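First comes the structure, then the notes that go with it.
In what follows, every heavy atom counts, from backbone to side chain, and hydrogens, waters and symmetry copies are set aside. Chain A is the first sequence line, chain B the second, and so forth, proteins listed ahead of strands; every chain is numbered from 1. Since the model is a prediction, treat every value here as computed from it, not as a measurement.
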Amino acid sequence: MTALFEARGLSRRFGRVQALDGADFDIAEGEVVALIGDNGAGKSTLVKALTGNLDLESGQILYEGREVHFATPHDASRLGIEVVHQDLALAPHLDSAQNMFLGREIMRPGILGRLGFMDTPQMRQRSAQAFTELGSAVRSVVVPVGAMSGGQKQSVAIARAVAWANKLLFLDEPTAALGVVQTRNVLDTIKRVRDRGISVVLISHSMPHVLEVSDRVQVLRLGRRVATYQTSGTTIEELVGAMTGALDNQEGAA
Amino acid sequence: MRSSTFRIAAAGIGSVMALAACSTGAPTADSSSSGAAGGSNNKTIAFVQGVAGDEFYITMKCGIEAKAKELGYTVTTQGPQKFDPTLQKPIVDSVTASKPAALLVAPTDVEAMQAPLEQAAAAGIKVVLVDTTVNDPSFAVSQISSDNIGGGKAAFEAIKKAKPNGGKVLVISVDPGISTTDARVKGFEDAAKADGTYQYLGVQYSHNDPATAANLVSAALQKDPDIVGIFATNLFAAEGSATGVRQAGAKDVTIVGFDAGPNQIKALKDGTVQALVAQQPAVIGSDGVEQANNALTGAPVEKKIQTGFTIITKDNLDAEGGQAAYKSTC
Amino acid sequence: MSSTTEHQKAGSGAPMETSASHENLVERVKAMQSVWILGVLVVIIAVFGVLAPTTFLTPGNITNIAQNVSIWAVLAVGMTFVIITSGIDLSIGSVLVVSSVVAAQVMERMGDQGWGTALVGLVLSVVVGIFWGCLNGFLVAKANVPPLIVTLGTLSVALGVAQILTGGLDVRSAPAVLQDNIGYGRLAGVPVITIVALVIVVLGGILLHKTRFGRYTYAIGSNETSARRVGINVDRKLVQIYGFTGLLAGIAGILSLAQYGTTTIAGQSLTNLNVIAAVVIGGTSIFGGQGSMFGSMVGLFIPAVLQSGFVIIGVSPYWQTVAVGSILITAVYVDQQRRSTASGGRR
Ligand SMILES: Nc1ncnc2c1ncn2[C@@H]1O[C@H](COP(=O)(O)OP(=O)(O)OP(=O)(O)O)[C@@H](O)[C@H]1O
Ligand SMILES: [Mg+2]
């Protein structure tokens, strides 16, 4: 099976911290891969590097077998790759509909659209629909995101990424701030997105969630991939061992 | 939460309005009652300064208030924060709306203030131009200003008094094209050339920079070490000239400055300058009130008045010279 | 986007529905600073109306106030955009002066007093304004110099250029058609300069609130990183926004020539601060992401009405500065309060 998206030997240093140290990564079409690792292992840095949010010192990124170079996040978006960052990256003064469509505004038809006028009602309606379908706890799409709870903000960021991803979706700790019901919704959403044939990368510290939704698990430690497992054949103990380094030399074991 | 924010905000705004109310005090009551009466028994005079807080205009205001009290007028004084027509025009417009009987104003630009002041005159307000003027002052009942040519002459007289034996004299001015300083230079030049014992060396421009003035003066002293007197047409020119004299090691040079604000008086006391030519802003102000009163009562008005000067030296600082110094309060 | 809609109708989990409109209009309106600041303006007008009934609330005085804020209003349109991006532009007064100097010198040389000359002047003034604005924007966006420093620099450079071009002496000639028709002309009793300003303000408001350009302006000020991540070319937008502000300063330069008949080189000294104060009083946050054109206009009228009222009832000019400063601080204080409630903190 050829990988949809693959990275080889990515390296990046921040001052004295070698955040990525020859990290590898791969994911197949329609697959859910969990990316786990201790705090500071380099997971978020890897996601940024893979989505045009970070310059790399060395390494190679392949998309559908061809080498690609993402200078900006927009380059990745164009290929259908979306990210929910750990810091969410929403504009707090804009409401959720405005955030949802930021950079992809629906314009009014005809000459007005050419002049830069936006179709606000339509954007609101579509956002409301997306939130309802996600079962998110966002009550109204016209409330500024800055006035929302942490979980509501997270819902907005997820809804936005899910709405636009059509090849690959990165979720960096998407359930960190969510309540029980909303967490459930996110996990269900991940499955639904996968059912649409979209690949999902899930970063999470919750091993039960990882085991529930992923097909494979890749473990990151000190900036490099140290192990890959088929989810069906692994246990929480094994994963934790790989993360902490108690169990070593598992690379390529799967 | 919101309501407390509102309360504090309301308190803030309220206190500002209260401040306004207290500070108005008596004059408001006076001017509004007479304003309401309107017509011929309107006894208010508005004075719009060139810039608020400048001693020259404060002294003028003192002269205005004294004369107004004598003639039974109330005075309100306004002025922009800077000598800037874009700030002065809105003030003049509001003064026009408040319908005083007369307006004494020092226009901040000959062109920009033309139309607003014409508008005031058209509203039936007697406009008197004090100190400065506009391109076409025909709408004004009177113009009162210092005789700047006379001021240049007076500066020469001051040098003559200090150095009666004659010699070379030099002028340090600001920039060419400024009507007031140009007139002072001309007055000095005419007087110096008329007197055979003095040799006029011409005018140099300091661009309002003391360092430039210093360089000009020390260079001039290299060429003509026997210069006896320098007329500096403003404060920076005077300060720079004094530095230049010191740099050149010359001793016996008389520097005459212009105007008599606190900085100039200090320069005189410190010995930086030996004499000052003081304008008479209080006289300009009181003459202005007098002309406005004449216009209001139908008495004959003088279209143009030029006021004189006082020469201040260390010797008369305790007498008439000290009185001629500009004031920071009345 | 559309692909999500065809999936799952079940919407497992909470049966909550997300509404597409305002839940409570009153709440929303109350949260806008421009509303309470409008209240403040109304109170100020009422107070002066009572204190000086025969002189303050006259059509003549009201037209005067409107006329005197017109040039600042044009500048405030641009300043609102800039401050919403969390930037600042201190150079507008100088850019206005240098634009009007270039225009006045060329128009003087053309000699003609007609509309053709005036049009050439307008184009020149606008081009010069755009040049300085884009220079500001370029330095802010590409060279990463803070806007305060950049525009402090161009403030003095632009003024210096104006002084070099003129030798420091004002050009005191503007085509008669400009002064007669725009500067002091009236249409149905309303000053033409005010009508021109109003049109620009309305267009600016539409641009800010209804178009994608405006939306990106808010996004950049609200969270620059998020704007970049969704593919907004932030640098180019900043150059455009500062350039737009320069363009407006160029227009203001011609309006100033029309109104004053001179280039006011030594003037306009407090224009930048007055315009910034107005925009901030009107509820635009200096931290970016928030503000409205309507608020800026209300913010512009508060100091103008206060000054006019104070002059009419005869309050000393020193108190006027105290009053305007106090209102500025109060407005920012209230803005901070709103901010802390909006971000969920109870303080
Ligand atoms: N912009 C940055 N500047 C400096 N150091 C950074 C930066 N971003 C990441 N790092 C460092 O790189 C290392 C990896 O960070 P990263 O955020 O990728 O970890 P993570 O695996 O996502 O951890 P967590 O589970 O806590 O989110 C850390 O040591 C971090 O301090
Ligand atoms: Mg992380």
Side-chain angles (χ1 to χ4, degrees), chain B residues 1-2 4-6 8-10 12-13 15-17 19-21 23-24 27-28 30-32 35-36 38 44 46 49 52-53 74 76-87 89-91 93-99 108-115 119 123 135 175-178 207, chain C residues 30 36 40 43-44 47 51-52 54-56 58 60-61 64-65 67-69 71 167-170 172 179 183-184 256 259-262 264 266-271 304 306-319 321-323 326-327 329-331 333-334 337-338 341 346-347:
Chain B
M1 230 176 330
R2 173 146 306 284
S4 77
T5 304
F6 268 106
I8 291 162
I13 307 282
S15 56
V16 167
M17 298 304 290
L19 279 182
S23 71
T24 357
T28 319
D30 284 357
S31 54
S32 60
T44 55
Q49 302 168 321
T74 54
T76 59
T77 302
Q78 299 289 339
Q81 276 169 274
K82 298 255 171 117
F83 194 87
D84 179 345
T86 66
L87 300 176
K89 177 185 179 290
I91 295 176
D93 286 348
S94 298
V95 164
T96 303
S98 73
K99 299 180 194 140
T108 46
D109 188 275
V110 291
E111 176 69 38
M113 294 311 295
Q114 177 85 36
Q119 226 171 40
N135 279 338
D175 269 309
I178 302 175
H207 311 300
Chain C
K30 247 170 70 181
W36 86 261
V40 170
V43 169
I44 293 173
V47 168
L51 284 177
T54 55
T55 46
F56 180 76
T58 57
N61 192 40
N64 272 336
I65 294 173
Q67 191 198 30
N68 284 322
V69 298
I71 289 172
L169 298 175
D170 275 310
R172 290 206 166 82
Q179 292 202 60
Y184 286 92
S256 173
Q259 172 138 51
Y260 297 108
T262 171
T264 64
Q268 308 288 1
S269 44
L270 297 176
T271 300
L306 267 181
Q307 186 186 42
S308 172
F310 280 174
V311 169
I312 285 177
I313 66 173
V315 176
S316 129
Y318 304 131
W319 284 112
T321 8
V322 171
S326 311
I327 288 194
I329 292 170
T330 312
Y333 170 77
V334 173
Q337 295 302 300
R338 287 172 54 245
T341 38
R346 272 197 78 87
R347 282 195 354 117

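Gln119(B) touches chain C through its side chain: at least one heavy atom from C-beta onward sits under 4.5 Å away, while N, CA, C and O do not. Only the side chain of Thr321(C) comes within contact range of chain B, judged by heavy atoms closer than 4.5 Å. Heavy-atom distances place the side chain of Thr264(C), and not its backbone, under 4.5 Å from chain B. Residue Phe56(C): no heavy atom, backbone or side chain, is found under 4.5 Å from chain B.
For the atom pair CG of Leu87(B) and OG of Ser269(C), the computed distance is 5.5 Å after rounding to the nearest 0.5 Å. For the atom pair Ser98(B) OG and Asn61(C) CG, the distance stands at 8.5 Å (nearest 0.5 Å).
When all heavy atoms are compared, the tightest approach of Ala97(B) to Ile312(C) is CB-CD1, 3.9 Å. The minimum heavy-atom distance between Ala112(B) and Thr262(C), with the atom names listed, is CB-CG2, 3.6 Å.
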For side-chain contact (heavy atoms from CB on, under 4.5 Å), just list the numbers for Leu270(C) and Gln81(B), CA-CA rounded to whole Å, side-chain angles, deciding distance to a tenth of an Å, and then say yes or no.
-> CA-CA 9 Å; Leu270(C) 297 176; Gln81(B) 276 169 274; 3.8 Å; yes

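Here the side chains of Pro90(B) and Gln307(C) are in contact, with some heavy-atom distance below 4.5 Å. In this structure, the side chains of Lys89(B) and Tyr260(C) come closer than 4.5 Å at one or more pairs of heavy atoms. Residues Arg172(C) and Val110(B) are in side-chain contact: their nearest non-hydrogen atoms beyond the backbone lie under 4.5 Å apart. Annotation: side chain of Ser316(C) is not in contact with side chain of Thr77(B) (no heavy-atom distance under 4.5 Å). Side-chain contact between Lys82(B) and Gln268(C) is absent, with no heavy atoms from C-beta onward closer than 4.5 Å. Side-chain contact between Asp93(B) and Gln67(C): present, with at least one pair of heavy atoms (C-beta onward) separated by less than 4.5 Å.
A donor-acceptor pair under 3.5 Å links the side-chain atoms of Gln78(B) to the main chain of Val315(C), judged by distance alone.
Among Asn68(C), Asp170(C), Asn64(C), the residue with the largest count of heavy-atom pairs under 4.5 Å with chain B is Asn68(C).
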